[in-house]
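Everything on this sheet refers to the single structure shown next.
First the proteins, then the strands, lettered A, B, ... as listed; each starts at 1. Source: prediction; values computed, not measured.
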Protein chains: 2
Amino acid sequence: MTRTEPATDTRAHLSRERVLETAVACADRHGLDALSMRKLGEELGASAMSAYYYFANKEQLLDGMVDVVFGEIEPPSPELDWKTAMRRRAVSTREALNRHRWAIGHMEGRTDHGAANIRLHDAVLGCLRGAGFSLEATVHAYSVQDAYIYGFVLQESDMSPQTAEDFAAEAQRQMEAYKDMLAEYPHIAEVVGGHVAKVGYDYATEFLFGLDLILEGLDRLRER
Amino acid sequence: MTRTEPATDTRAHLSRERVLETAVACADRHGLDALSMRKLGEELGASAMSAYYYFANKEQLLDGMVDVVFGEIEPPSPELDWKTAMRRRAVSTREALNRHRWAIGHMEGRTDHGAANIRLHDAVLGCLRGAGFSLEATVHAYSVQDAYIYGFVLQESDMSPQTAEDFAAEAQRQMEAYKDMLAEYPHIAEVVGGHVAKVGYDYATEFLFGLDLILEGLDRLRER
DNA sequence: ACCTGAACACCGTTCAAGT
DNA sequence: ACCTGAACACCGTTCAAGT
């Protein structure tokens with residue numbers, strides 16, 4: 001958070017932040033698999049093993065990278081009503097995870113939670129409690145929302161086509177490829193051929209559809 | 001699908017199925033990271049590179065492994081009403097993914113879908129169409145359900161404690177560890193300390209809570 | 001304190017060779 | 001047809017050494 005650069009830097013020095021920044025940028029561009037400690041050193045303009053001074057191993061580097069992503073998620077504002085606040089936080093989470101597709105699948109399992117993670121967690125719980133959810137209902141509400149958000153981005157980041165038009169084109173291509181099997185799979189033929197290949201599939205509106213369905217369901221769980 | 005073993009096998013021969021079976025079992029026990037092509041050869045009682053005869057590379061091996069998991073998911077029965085059928089299919093998906101924790105995160109992104117995957121996909125679409133969902137509503141309904149199911153298991157498989165009691169104990173341990181920071185994070189203190197550390201967190205009931213919330217929301221989308 | 005280079009035990013993949 | 005062994009270009013990590 002606060003940069004403590006020595007006043008007498010002879011050259012481009014390394015730092016925890018700069019290593020993290022470079023690692024995130026590198027993973028964004030080439031994927032997490034392509035990010036090796038050696039490649040990271042090179043990208044930093046330093047030696048192959050230079051990152052090991054700041055991170056004991058690759059797992060701890062990933063801990064740090066994940067918390068960078070958490071830091072980009074907009075926490076729910078206490079100014080807004082709970083539904084709007086949760087909706088915006090969900091959208092912000094989706095956006096952050098789409099900027100850093102390597103992160104999904106590593107956001108939850110960390111044994112030591114980063115500072116940004118904990119801060120966001122606390123803000124979400126506070127939003128729900130303030131809206132009149134009981135302790136139990138708060139746990140429920142948190143679970144459903146996060147399962148949905150992470151699951152949606154997981155599906156989304158795995159699919160190649162991005163826009164609704166791309167999606168329609170890809171659907172049409174796949175229909176051609178599987179043409180001889182379509183008799184065996186009539187419902188895929190109907191839904192993909194009759195709908196997706198025509199109107200496409202827009203991730204943003206699809207995301208909001210499910211999100212609002214969940215938020216409306218949760219609203220009935222509140223007290224008063 | 002159909003086994004074509006030669007009648008004159010001199011010894012324990014390899015086969016596509018046996019390689020796949022062994023790979024899945026190995027990943028179940030030690031994780032996907034620990035599964036190397038060399039280790040797999042050893043586990044098969046064959047040479048280090050033996051699996052390369054059946055799979056061009058590790059990615060195609062993973063394609064096959066993922067479809068094994070899809071094959072373990074119970075497709076929706078046409079005998080049941082749509083909500084019960086979807087509920088059972090969701091529970092079955094969660095169970096399969098919990099048996100094969102390495103699979104989550106690899107189920108969706110495959111470029112060539114396996115046979116079991118396509119079969120299940122078609123059955124789910126058929127169930128929804130048969131229940132009176134329009135083409136558009138079917139796509140919505142599929143999206144929400146799968147996002148929720150995958151996302152829930154993603155969270156679940158990342159957490160270490162399994163039972164509600166374990167969870168409560170772990171929560172208590174974490175409360176101790178973060179004691180000095182609790183003033184900064186009052187809502188975590190309240191929810192974790194006041195609820196989770198006491199009653200725990202049962203994954204199965206938590207899963208059904210969100211699932212039913214979604215299914216009930218979707219019910220209002222049907223025609224007639 | 002901060003960074004480097006060589007060394008170790010591993011990878012995935014290719015390919016000529018064996019039966 | 002089915003499998004093997006050696007070889008290549010990579011990994012993550014350790015550690016003694018440099019400044």
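- Tested against B:Glu176, the residues B:Gln174, B:Gln172, B:Lys179 include a single side-chain hydrogen bond (donor to acceptor under 3.5 Å, both in side chains) partner, B:Lys179.
- OP1 and OP2 of D:dA1 both lie 4.0 Å or more from every side-chain N or O belonging to B:His13.
- Considering only side-chain N and O atoms, B:Tyr54 lies under 4.0 angstrom from the phosphate OP1 or OP2 of D:dC3.
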Next item on the list: Show your working on ring-ring contact (aromatic ring centres under 6.0 Å, His included) between B:Tyr142 and B:His121 and close with a plain yes or no.
Entry: CA-CA 9 Å; B:Tyr142 203 140; B:His121 197 99; 4.9 Å; yes
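- Atom-to-atom, CD of A:Glu42 to P of C:dG5 comes out at 13 Å; the value is rounded to the nearest Å.
- Taking both residues in full, the closest heavy atoms of A:His106 and A:Val66 are given as O-CG2, 3.6 Å, listed atom of the first, atom of the second, then distance.
- Stacking of A:Arg94 on the aromatic ring of A:Phe152 is not recorded, the 6.0 Å distance cut-off and the 45° axial limit not both being met.
- Checking the phosphate oxygens (OP1, OP2) of D:dC11, a side-chain nitrogen or oxygen of A:Ser36 falls inside 4.0 Å.
- With D:dT4, C:dG5, C:dT13 as the choices, the nucleotide that has an atom nearest any side-chain atom of B:Asn57 turns out to be C:dT13.
- The environment of CZ in B:Arg88 is sparse: at most 12 heavy-atom neighbours from other residues, nucleotides or ligands sit within 6.0 Å.
- If you check every strand for non-hydrogen atoms under 4.0 Å, B:Ala46 touches sugar and phosphate atoms only.
- Residue A:Tyr52 has no polar side-chain atom (N or O) positioned under 4.0 Å from OP1 or OP2 of D:dT14.
- Side-chain nitrogen and oxygen atoms of A:Tyr53 include none within less than 4.0 Å of the OP1 or OP2 phosphate oxygen of C:dT4.
- When the nucleotides D:dC8, C:dT4, D:dC11 are ranked by their closest atom to the side chain of A:Arg38, D:dC11 comes out on top.
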Notebook entry, point to check: If you write DNA chain D from 5' to 3' in dot-bracket form, with Watson-Crick or G-U pairs under 3.5 Å, [ ] for crossing pairs and | for pairs with another strand, what do you get?
Noted result: ||.|||||...|||||.||
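- Remark: B:Arg119 does not engage B:Asp67 in a salt bridge, criterion side-chain N to carboxylate O under 4.0 Å.
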